[in-house]
2 protein chains.
Amino acid sequence: MPRKTLPVADGGQAPERADAAENRRKILAAAAELIEARGVEALSMDEVARAAGVGVGTVYRRFGDRATLVYAVVDARERDFQAAFLGGPAPLGPGAEPRARIRAFLHALVDRTEEQLELLLMAEMDSADARFKEGSYALYQQHLTLLLSEVRPDADAAYLSDALLAPLAANLYRYQRRTRGMSVARIKKGYDDLLAQVTG
Amino acid sequence: MPRKTLPVADGGQAPERADAAENRRKILAAAAELIEARGVEALSMDEVARAAGVGVGTVYRRFGDRATLVYAVVDARERDFQAAFLGGPAPLGPGAEPRARIRAFLHALVDRTEEQLELLLMAEMDSADARFKEGSYALYQQHLTLLLSEVRPDADAAYLSDALLAPLAANLYRYQRRTRGMSVARIKKGYDDLLAQVTG
DNA sequence: AAGGTAAGCGGAGGATTCTCCGTTTACTGC
DNA sequence: GCAGTAAACGGAGAATCCTCCGCTTACCTT
């Protein structure tokens with residue numbers, strides 16, 4: 001039953017040979033281009049392999065599965081956002097008080113979910129844990145945990161940040177927007193209320 | 001590209017012919033049995049069809065896709081839980097004060113997520129919105145919204161209940177439990193803290 | 001109770017994802 | 001340089017999901 005076999009995360013980080021690195025670049029570029037051109041829905045692994053000029057086996061060795069590949073594309077697109085909250089200007093970046101940074105961070109995250117919705121959705125659907133394992137989730141969660149622990153040192157900041165990021169799961173977000181017709185403003189307002197309660 | 005085509009929810013509710021209803025029953029029973037016997041991972045639609053004694057096309061006409069079928073099985077298993085919070089004894093059922101009911105409800109939901117994790121995971125992965133569209137999510141969300149609006153009439157209860165249910169998404173829950181090693185108790189405690197803040 | 005019709009049925013086949021493993025290639029130590 | 005080895009490559013093929021459409025059947029109307 002080859003439908004899905006979650007690839008075991010290999011603990012050791014072998015330094016990756018030169019040809020392998022080159023192929024990773026080619027594959028990533030090809031995937032990004034194909035998505036740009038025809039949408040995520042239409043992205044097939046065979047096609048990516050052909051466009052990148054490698055065998056399909058190579059695509060799978062580098063990226064494990066579809067979801068991981070798509071997340072890699074998302075990540076590449078988000079590099080600048082990540083730089084912004086790590087080292088950019090306040091209130092997103094350092095300098096502002098924690099409460100303000102948390103708020104700015106979550107609002108920004110709502111915006112990027114809105115923008116990348118299609119991609120995120122596709123990636124989430126293909127693999128149960130690519131979102132957490134491969135995507136930038138770990139980074140976001142860590143960032144939020146740190147900020148929260150400053151504001152509420154008594155609480156389980158790690159759990160709390162999971163809980164605050166959870167409503168941004170692509171499938172829920174899409175359901176709220178498309179099926180229930182909630183506006184982006186309403187979602188942000190909902191977050192504000194939540195934050196007002198949680199961060200005091 | 002036939003990988004996925006979300007079935008359009010047909011607004012009209014044609015009353016379903018007798019043979020169709022019978023086949024639905026047979027398919028559901030076969031699916032439940034196969035899952036029981038060999039796990040969700042190994043469940044193939046062709047196999048379900050064969051075990052139920054119908055064509056594979058019939059399975060798809062009745063249930064649209066894998067996710068919907070799996071959710072139907074989950075729902076069948078959860079009938080009693082649903083009865084418990086709708087009409088059972090307090091604090092889950094009516095009679096207790098809203099705050100206590102909310103707490104009992106979420107704790108119970110954590111337990112059922114723990115129990116049905118494999119099934120929920122599989123169903124979530126196959127379809128982006130089967131969880132919301134087909135599963136009992138709507139019921140849970142409605143219930144929670146009602147309780148919340150009693151406690152916090154000023155807030156956006158609908159959004160808030162989405163946000164409180166979001167951490168129970170199977171993929172996040174599994175990640176917390178398996179990869180990060182959080183205990184069930186810790187998760188419940190996290191909820192308690194959240195509730196203490198949100199419901200005052 | 002007979003005829004008409006909308007709904008249901010079945011299973012072959014297209015499309016896709018991912019695995020497997022024999023062959024090729026980049027790096028290391030001498 | 002050169003040989004040895006671990007890593008990477010490629011693509012055929014297995015497994016699966018879901019669609020399509022010609023045939024069949026339950027239900028309603030008269």
Within this structure, what is the [atom1]-to-[atom2] distance between [X] and [N], rounded to whole angstrom?
X       : N       : atom1 : atom2 : answer
R50(B)  : dA12(C) : CZ    : P     : 12 Å
R66(A)  : dT19(C) : CZ    : C1'   : 17 Å
E16(A)  : dC27(C) : CD    : P     : 11 Å
L69(A)  : dT16(C) : CG    : C1'   : 15 Å
M125(B) : dC18(C) : CE    : P     : 9 Å
L43(A)  : dA15(C) : CG    : P     : 17 Å
E22(B)  : dC9(C)  : CD    : P     : 10 Å
K26(B)  : dG10(C) : NZ    : C1'   : 13 Å

Output the distance between atom OG (S136(A)) and atom CZ (F81(A)), rounded to the nearest 0.5 Å. 8.5 Å

N/O (side chain, T58(A)) to phosphate O (OP1/OP2, dG10(D)) under 4.0 Å: yes

Start at the 5' end of DNA chain D and walk down; is the nucleotide closest to V54(A) or to D46(B) reached first? V54(A)

Row check, Y191(A) ring normal vs R186(A) NZ/CZ: under 6.0 Å, within 45°: no

Could R131(B) and Y175(A) be counted as a cation-pi pair, given that NZ or CZ must be under 6.0 Å from the ring centre and within 45° of the axis? no

Taking 4.0 angstrom as the limit, do E16(A) and R62(A) come out as a salt bridge? yes

Nearest to the side chain of [X] - [options]?
X      : options                   : result
D19(A) : dC17(D), dG8(C), dT25(C)  : dT25(C)
A20(A) : dC17(D), dA8(D), dC9(C)   : dA8(D)
R61(A) : dA8(D), dT19(D), dC18(C)  : dA8(D)
V56(B) : dC27(C), dC18(C), dG11(C) : dG11(C)
M45(B) : dC17(D), dC9(D), dT17(C)  : dC17(D)
Y60(A) : dA26(D), dC18(C), dG11(C) : dC18(C)

Is the centre of the F85(B) ring less than 6.0 Å from the centre of the Y140(B) ring? yes

Under 4.0 angstrom, heavy atoms only, what part of the nucleic acid is R62(A) near: base, sugar-phosphate, or nothing? sugar-phosphate

Under 4.0 Å, counting only non-hydrogen atoms across every strand here, what does N23(B) touch: a base, just sugar-phosphate, or nothing? sugar-phosphate

Any N or O donor-acceptor pair linking the side chain of R17(A) to the base of dA8(D) at under 3.5 Å? no

